[in-house]
Protein chains: 2
Amino acid sequence: MVYSTGDGGLQARTEGDADRLDAVFAALSHRSRRDLVVYLAARTDSPRMSQVAADRGVSPQLLNKHTAALEKAGLVRRVGDGRERRLVLDTVALIEAQQWIVRAREYWTARLDALDSYISTLEDDPDA
Amino acid sequence: MVYSTGDGGLQARTEGDADRLDAVFAALSHRSRRDLVVYLAARTDSPRMSQVAADRGVSPQLLNKHTAALEKAGLVRRVGDGRERRLVLDTVALIEAQQWIVRAREYWTARLDALDSYISTLEDDPDA
DNA sequence: CGTCGAGTAAACCATATGGTTTATTATTCG
DNA sequence: CGAATAATAAACCATATGGTTTACTCGACG
């Protein structure tokens with residue numbers, strides 16, 4: 001049997017949006033990257049890469065990889081052109097992810113509401 | 001050089017929570033699984049596996065795998081003991097994920113507020 | 001100029017993941 | 001019982017990912 005591999009078509013926005021969300025959720029699916037996000041969110045400055053690596057007890061190479069993942073997701077940016085570069089948070093993608101979740105929950109809430117009203121119907125008219 | 005592989009310790013709750021969040025975000029990092037979630041959220045009934053597979057144009061085997069991922073994340077449950085099983089949404093994990101994002105954004109907002117007050121300080125006292 | 005150090009790239013390995021094809025386990029129903 | 005069928009498991013392949021070790025680039029600075 002042959003199936004429509006991949007797509008499925010339902011609830012799609014644009015390809016780009018989907019890819020972006022893929023990247024955001026994938027980036028957040030790893031604990032040390034989540035920790036990195038809140039580490040950045042909690043500070044008032046933008047630390048240098050080596051600073052981050054030292055703070056988090058992670059090798060510069062690995063930090064570089066995780067940073068790349070977060071960058072791809074648009075959660076983080078590297079700034080600075082010199083020898084030293086700084087890591088800054090960019091929460092736009094985070095907001096997108098939250099909005100996706102909120103939308104999904106809204107559908108679900110609507111479903112619960114429908115159930116509620118159905119139950120009300122039953123209570124009003126037990127024969128229904 | 002030897003680095004403290006993995007942990008990092010920051011902002012950790014329990015191991016279980018972290019694993020759960022890993023699974024939730026990983027599950028949502030795939031578009032067809034996200035679509036599956038909203039597909040389920042949008043209906044008022046709990047469709048059978050074969051129904052879902054047909055609706056989404058996906059092989060039963062692949063649906064099974066995706067379902068396993070969502071199940072692992074606690075986003076979905078299979079109910080029914082007979083030959084036919086139904087898929088139901090379980091949004092508790094979704095709420096957890098949302099809460100993580102909200103918390104991260106709260107940190108970030110606090111940071112913006114700090115920046116604001118710093119700027120105010122500058123405006124009040126340009127020599128600061 | 002030389003070298004030191006921050007940051008990154010590359011090679012490489014082990015394991016995980018997405019997906020297909022093939023096979024197995026029930027459970028319903030003639 | 002026996003065939004059909006819903007659901008799942010298993011074997012397998014290609015590619016992606018996390019992580020380490022090694023090597024490169026490039027700006028600062030004596």
Side-chain angles (χ1 to χ4, degrees), chain A residues 1-8 18-19 21-37 40 46-73 75-88, chain B residues 1-8 18-19 21-37 45-73 75-88:
Chain A
M1 190 71 177
V2 170
Y3 300 92
S4 73
T5 287
D7 185 3
D19 288 352
L21 270 185
D22 281 7
V24 173
F25 282 119
L28 295 179
S29 75
H30 204 285
R31 178 175 166 192
S32 69
R33 286 190 297 252
R34 284 197 304 275
D35 286 353
L36 185 50
V37 166
L40 287 178
S46 299
R48 291 181 301 122
M49 298 300 283
S50 54
Q51 179 72 51
V52 178
D55 286 354
R56 320 254 17 262
V58 160
S59 75
Q61 298 94 327
L62 186 52
L63 174 62
N64 190 40
K65 283 201 161 189
H66 283 313
T67 301
L70 291 166
E71 235 173 358
K72 181 179 171 192
L75 285 168
V76 113
R77 280 188 333 250
R78 291 153 144 132
V79 305
D81 39 340
R83 178 178 53 168
E84 306 176 347
R85 312 189 68 188
R86 291 173 182 279
L87 205 51
V88 305
Chain B
M1 190 72 177
V2 170
Y3 300 93
S4 72
T5 288
D7 186 2
D19 288 351
L21 270 185
D22 281 7
V24 173
F25 283 118
L28 296 179
S29 76
H30 204 285
R31 178 175 166 192
S32 67
R33 285 190 296 252
R34 284 196 305 275
D35 286 353
L36 185 50
V37 166
D45 62 334
S46 299
R48 291 181 301 122
M49 298 300 283
S50 53
Q51 178 72 50
V52 178
D55 286 353
R56 320 254 17 261
V58 160
S59 74
Q61 299 94 324
L62 186 51
L63 175 62
N64 189 41
K65 283 199 163 192
H66 284 313
T67 301
L70 291 167
E71 235 174 357
K72 182 179 169 191
L75 285 168
V76 113
R77 280 188 331 250
R78 291 152 144 133
V79 305
D81 41 341
R83 175 179 56 169
E84 306 174 348
R85 311 188 67 187
R86 292 173 179 279
L87 205 51
V88 305

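In this text, all values refer to a predicted model and were calculated from it rather than measured experimentally. Atom set for the values below is all heavy atoms of this structure, side chains included, hydrogens, waters and symmetry mates excluded.
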Going by heavy atoms in the side chains, are R31(B) and L21(A) under 4.5 Å from each other? no
Walk me through it: do L62(B) and H66(B) pass the test side chain to side chain contact (heavy atoms under 4.5 Å, CB included)? CA-CA 6 Å; L62(B) 186 51; H66(B) 284 313; 3.8 Å; yes
In the 5'-to-3' direction, what one-character label does each nucleotide of nucleotides 1-10 of chain D receive under the scheme B = base within less than 4.0 Å of a protein heavy atom, S = sugar-phosphate only, - = no such atom? ----BSSBB-
Identify the heavy atoms of L75(B) and L28(B) that sit nearest to each other, and give their distance. CD1-CD2, 3.9 Å
Taking only side-chain nitrogens and oxygens of H30(A), does any of them come within less than 4.0 Å of OP1 or OP2 of dA16(C)? no
Between CD on residue E71(B) and CG on residue L87(B), distance to nearest 0.5 Å: 8.0 Å
Side-chain N or O of H66(A) versus OP1/OP2 of dT17(D): is the shortest distance under 4.0 Å? no
Does any part of the side chain of L40(A), heavy atoms only, come nearer than 4.5 Å to the side chain of P47(A), both counted from C-beta? yes
Taken to the nearest whole Å, CG/D81(B) to P/dT27(C) is 8 Å
Taking the side chain as every heavy atom from C-beta outward, state whether R85(B) and V79(B) have any pair of such atoms under 4.5 Å apart. no
Provide, to the nearest angstrom, the distance between the CZ atom belonging to R31(A) and the C1' atom belonging to dT17(D). 19 Å
Could you check how far CG of L62(A) sits from P of dG7(C), rounded to whole Å? 15 Å
Round to the nearest Å and state the distance from K72(A) atom NZ to dG18(D) atom P. 10 Å
